[in-house]
Amino acid sequence: MSFDVPEELYYLESHEWIDPDSGRVGITEFAQDELGDVVFVELPEEGEELSQEGEFGVVESIKAVSDLYSPADGEVRAVNEALFDRPELLNEDPFGEGWMLELDVAGELDGLLSAEEYREQIE
């Protein structure tokens, strides 16, 4: 099966993505497919400080519960509150309406995978 891996994003090995322009963060199409139907999402509050590869929340599906990890250091600028009422947005549109939070990134985006490197990881 082939998964969408947008070129403009950067990735953690744990399947979170970040848009370097907007600071928007989410999980990949591969991750949501592995999880199955998402039924619950726990996200941080606005203003919370996150560190790269530090836990920021939980996603629960009918198959598993998975921790979420931040792709960068920074402060949470916004949280996608639509996910609290409609967690299935993660399955329907993981790179669009299923975004999780927006981060004011502090520093550089070091140590992340390019789209090509992430594609190699999930093949």
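When reading the values below, keep in mind they use all heavy atoms of this one structure, side chains included, and skip hydrogens, waters and symmetry mates.
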When you check the gap from the basic side-chain N to the acidic O, do K63 and E34 get nearer than 4.0 Å? no
So do I122 and V5 actually touch side chain to side chain, heavy atoms under 4.5 Å?
yes
Heavy atoms of E117 and L112 approach each other most closely as OE1-O, 4.0 Å
Can you list the steps and then say if Q32 with N91 is a side-chain hydrogen bond (donor to acceptor under 3.5 Å, both in side chains)?
CA-CA 6 Å; Q32 69 79 27; N91 295 114; 2.8 Å; yes
Q) Does L89 belong to the same Ile/Leu/Val/Met/Phe/Trp/Tyr cluster as V41, with side-chain heavy atoms less than 4.5 Å apart forming each link? A) yes
Notebook entry, point to check: Hey, does V79 have a side-chain heavy atom less than 4.5 Å from the side chain of E45?
Noted result: no
Exercise. Y11 and T28: side-chain hydrogen bond (donor to acceptor under 3.5 Å, both in side chains), yes or no, with the steps?
Worked result: CA-CA 8 Å; Y11 303 87; T28 65; over 6 Å; no
The single option from F30, F3, W17 that satisfies ring pair (Phe, Tyr, Trp, His ring centres under 6.0 Å) with F95 is W17
**Message:** Any non-hydrogen side-chain atom of L90 less than 4.5 Å from a side-chain atom of L83?
**Reply:** yes
L109 with V76, same ILVMFWY side-chain cluster at under 4.5 Å
yes
**Prompt:** Quick check: does any side chain N or O of N80 sit under 3.5 Å from a backbone N or O of E97, one acting as donor and the other as acceptor?
**Reply:** yes
From the list E108, E53, E49, Q52, side-chain contact (heavy atoms from CB on, under 4.5 Å) partner of D73 resolves to Q52
**Prompt:** Stepwise, does the side-chain hydrogen bond (donor to acceptor under 3.5 Å, both in side chains) test hold for H15 with Y69?
**Reply:** CA-CA 9 Å; H15 311 291; Y69 299 95; over 6 Å; no
Problem set entry | Cluster check V58, V39: I/L/V/M/F/W/Y, side chain < 4.5 angstrom | no
_Donor-acceptor pair, distance only, cut-off 3.5 Å: does the side chain of S61 make one with the backbone of L35?_
yes
- F56 side chain reached by S70 side chain, heavy atoms, under 4.5 Å: yes
**Q.** hydrophobic_cluster_shared for Y10 and W99, side chain cutoff 4.5 Å
**A.** no
Let me check something: do L103 and L9 share a hydrophobic cluster, defined by ILVMFWY side-chain heavy atoms less than 4.5 Å apart, either directly or through other members? no
Counting distance only, does the side-chain N/O of E29 pair as donor-acceptor with the main-chain N or O of D4 below 3.5 Å?
yes
Correct closest heavy-atom pair for P71 and V25 would be CD-CG1, 3.9 Å
Query raised in the report: Short question: side chain of E13, backbone of Q121 - any donor-acceptor pair under 3.5 Å?
Result: no
| said: Working note: E116 + S114, criterion side-chain hydrogen bond (donor to acceptor under 3.5 Å, both in side chains); need CA distance, chi angles, decisive distance, verdict. | reply: CA-CA 5 Å; E116 182 179 343; S114 68; 5.4 Å; no
- Message: For G47, is there any backbone N or O sitting under 3.5 Å from a side-chain donor or acceptor partner on R77?
- Response: no
